[in-house]
Amino acid sequence: MNNRVDLVEKITPWRESWKVHVKVVKLWYHKNPALDPSQNLLHMVLMDEKLHKIQATIRDKLIPNFAVSLTEGEVYLMTHFTVVPNTGLNRAVKHRFRLLFQYKTSVVSVVSIRIPHSGLCFTSIDEIDQRTKDDDFLIDFVGIITGVRKERDVASYGKMIKAVVLEVFSDGKKVQCNVFGNACDLLEYDNLQKYPRSLLIVLESFKIKAIEGGVMLQNVMNVSRLFINPDIPESVEFLSRFSVASYGFSRLVTNELGYLVSKVDGDFFNPKEISNIQDLCADNGDGHYFVIGTIKEVMDEPDWWYYSCVCGHVVVEHEDLYLFDACGSCIEHVMVKYGIRVKIHHGGCAVLFVLLDNAATKLFGKTCSEAFLRIEEEFPVDPNVFAVRQSYSPHMFDDIVGEEKIFKVEINSAVDRDYSGCFKIVNVFSHNPELATTNDYINYATGEDYKTQVVYDNCIQYETIEDIITDLISPNHCYSDAENGSYCKVVPLKLISSLLHKKVVFMVDARPVGYEMNRSVYIVQQIWDDASVINVFEVAAEMNEHKIHVLVDSIPEVEDAFS
C-alpha cells in the first residue's frame, strides 16, 4: 500500500493518482445567471501543511456525492483527480493547475492532522500601487476603514444590486475598494458606527482594477468575502505593526455629505493652536488641545498596559479566557496596548496625563508588544537565579524623561470617566512641527485629494472560467459572412443590461467615424459614471439651456447601435 502523500506544489496534469492532505480554507457555490440558472458548481481552495494552495471544482452532477462530506476549515485526505490548467480572469490562487473531482475521487476526513493557518495571504498596499493593469489573480488585503460611501444601485443581469465605495488605510497609504451585492449588508452605517475606533476589514479574494491615475480593489460576486474586526491572529498581527499602531483612528461619523468618515492622526498641525498646560485645567469644554511640555516622570506602575480586542474595546483576562466587558463574550485573540501615566510640566505647572497606545508607540518608537519583549530581555526568567525585580516597566521608559514635546490632548467627558483626574494624550509631535495639512477625512468627503469612482464591470462579477469557454463557443458571440468576407462582433446582452437606465458622461471624439460617409456614429474615448462628475455636467447643461436626452430606451436599439 502506498502511503506517500503528495505536495500541492508538485501537482501536474501528467497523472491522476494524486494523494494530498489538505485543509478546505475556502468553499463556495457558483451559479452563472448567463447560463442555465439551475447549473451549479462547487469551488474550493485547498491548502497543504506547507501552506501551498490549489483550487478545486466539483461539477453539478457530482455535488451531491461530495457536498455533505466537505466542511470549510476541516482537513481531508483526497485522492484521484483530473488536473487541468488554471485559467480565467478570476483565479483565487496562483497555482498553474486546478483539480476537477471525478466519480472515483475519494475524500476522507483526517482528525490526526491539523493545519492551523487560515490560508489568508495578504498583499501589501505597495504591491497593489505598483500594478498598472487589471490582475487576473485575486488577492487578500487587510486595512482600516477610513471612509464609506453608499452609491446608487447598479444593474447586473437585469437585477439591481447594492454598491458601496470604501476607503481603506494600510501602512500609511489608502486604497479605494468597490463592493457590490450582498457583501454591502455588512457595511450598513449603523453597524459601523458602534465601535470606539474605525474598523479593521479583511478582504478575501478581491480583484485589482487599474484606473486612470491609480488602482482600486473590487469584489467578485459569489467568490469574494469581507470580514469586519475578525477575531483571528492576522488581525492582531496587522494592528501590532508599528506602521499601523503609531496612527490614531477616530470613530466613524457621518459628515455633511452623508458619508461615513474617520480621521487619521498624521504628523502635522497648526502651531497657532498650541495652548498652555494651565489652560487645560480650566473648563474649556470637550475637544482636542495642543500643549507643549517636558516629560518629568513616567509612572512605574504594574498596569502600564491593558488587553484589547481588535475592535478597540478593553477585555479582561479570567482563568485563561479573555472576556469582552461590553457583552461578556469570550475573545480568542487579544492585543496588548499602552496605558501609561506620565507627569508633564511647563511654566512651573505639572499635570498628570495618560499616554494612550498610538501616541506611546510613536513616542517610544516601539509597539507595546515590543516593549514586552524588552522586559523579557531585561528580566530573564531563570529558576536558578534569585533576583528581585526593581521595576514594573522596561528601561526604555526612562529614555524619554526630560524630552520636550508637543502633545495632542483629547477631552471627552462623556466617555472618559476612567481617566478622571488626568488627561488623555492621543498624539505626540516634535517641538518644530510644520503647518497642518487639510484633514484626511475632509479630503475623502469632498474628493479633492482622494479620487473615488465606481467602476462596475460585469465580467468580474462572477467567476469566468466557464463564462470564457461559453463565450468562445456561443453562436451569439460573433458571426461571419463568408461570401462578403465580413466578420461582426455582437455586444453581449449582459453588457447591454448593465448600461440600461444608467446615467453616464461620455468623452466623444468630435469627428464622426467615416466623416462625410457616416455622421451618426462617434468614437467614445472615455466614460464616467461617478455621481459628482455627472452633477457637474448636468449643472453646466442647465446653465447653457441644453437638455440631456436619454438615447437608449430598449435592448433592440442598443444592439443596433453597438453592432
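In what follows, every heavy atom counts, from backbone to side chain, and hydrogens, waters and symmetry copies are set aside. These numbers come from a predicted model, not from an experiment.
Counting heavy-atom neighbours within 6.0 Å of Lys343 NZ, excluding the residue itself, gives a total of 12 or less.
A perpendicular orientation is assigned to the rings of Trp305 and Tyr307, their planes being inclined by more than 60° (bins at 30° and 60°). Below 30°, between 30° and 60°, or above 60°: for Phe397 and Phe364 the angle between ring planes is below 30°, a parallel geometry.
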Discussion item. Test side chain to side chain contact (heavy atoms under 4.5 Å, CB included) on Met78 and Leu99; report intermediate values, then the result.
Written reply: CA-CA 11 Å; Met78 299 184 179; Leu99 306 177; over 6 Å; no
Practice prompt. I would like to know whether Val24 and Leu46 meet side chain to side chain contact (heavy atoms under 4.5 Å, CB included); could you show each step before the answer?
Written response: CA-CA 5 Å; Val24 179; Leu46 309 175; 3.8 Å; yes
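Side-chain contact between Gln55 and His43 is present, with heavy atoms from C-beta onward closer than 4.5 Å. Contact of the Asp303 side chain with the Tyr392 side chain is not registered, since no non-hydrogen atoms from C-beta on lie closer than 4.5 Å. Contact annotation: the side chain of Lys173 approaches that of Asp126 to within less than 4.5 Å [non-hydrogen atoms, C-beta and beyond]. Side-chain contact between Ile139 and Leu217 is present, with at least one heavy-atom pair separated by less than 4.5 Å. For the pair Val75 and Arg114, the minimum side-chain heavy-atom distance is 4.5 Å or more.
Taking CG of Asp48 as the reference point, atom NZ of Lys10 lies at 11.5 Å (rounded to 0.5 Å). To the nearest 0.5 angstrom, Phe238 atom CZ is 6.0 Å from Leu200 atom CG. One finds the CG atom of Asn358 at 11.0 Å from the CG atom of Leu363 (value rounded to the nearest 0.5 Å). Within the model, atoms CD of Glu167 and OH of Tyr259 stand 12.5 Å from one another, a figure rounded to the nearest 0.5 Å. How far CG of Asp140 is from OG1 of Thr123: 6.5 Å, rounded to the nearest 0.5 Å.
Salt bridge annotation for Arg96-Glu9: absent, with no cationic side-chain nitrogen under 4.0 angstrom from a carboxylate oxygen. The pair Glu151-Arg149 meets the salt-bridge criterion, with a side-chain N (NZ, NE, NH1 or NH2) lying under 4.0 Å from an Asp/Glu carboxylate O.
The ring of Phe423 has its center no closer than 6.0 angstrom to the ring center of Tyr289.
In terms of heavy atoms, Leu226 sits closest to Ala183 at CD2-CB, 4.0 Å. Minimum heavy-atom separation, Ala245 to Thr367: CB-CG2, 4.1 Å. The minimum heavy-atom distance between His313 and Tyr195, with the atom names listed, is CE1-CD2, 4.3 Å. Considering every non-hydrogen atom in both Pro196 and Gly312, the closest pair reads CG-C, 4.0 Å. Summarising the geometry of Leu27 relative to Leu42, their closest heavy-atom pair is CD2-CD1, 3.6 Å, with the distance given to 0.1 Å. In this structure, Trp28 and Ala92 approach most closely via the heavy-atom pair CH2-CB, 4.3 Å.
Counting only residues at least two apart or on different chains, the salt bridge (Lys or Arg N to Asp or Glu O under 4.0 Å) pairs with a member in residues 224-244 are Glu72-Arg225, Asp171-Arg241, Glu204-Arg225, Glu237-Arg241.
Applying the side-chain contact (heavy atoms from CB on, under 4.5 Å) test between Ile228 and each of Asn191, Leu199, Val202 identifies Leu199 as the sole match.
For Phe242, there are no ring-ring contact (aromatic ring centres under 6.0 Å, His included) partners at least two apart in sequence or on another chain. Listed by chain and number, the residues in a side chain to side chain donor-acceptor pair (under 3.5 Å) with Ser69 amount to none (sequence neighbours excluded).
At least one donor-acceptor pair under 3.5 Å links the side chain of His95 to the backbone N or O of Val8.
In this structure, Lys362 satisfies the cation-pi test against Phe429, with its NZ or CZ atom closer than 6.0 Å to the six-membered ring centre and inside 45 degrees of the ring normal.
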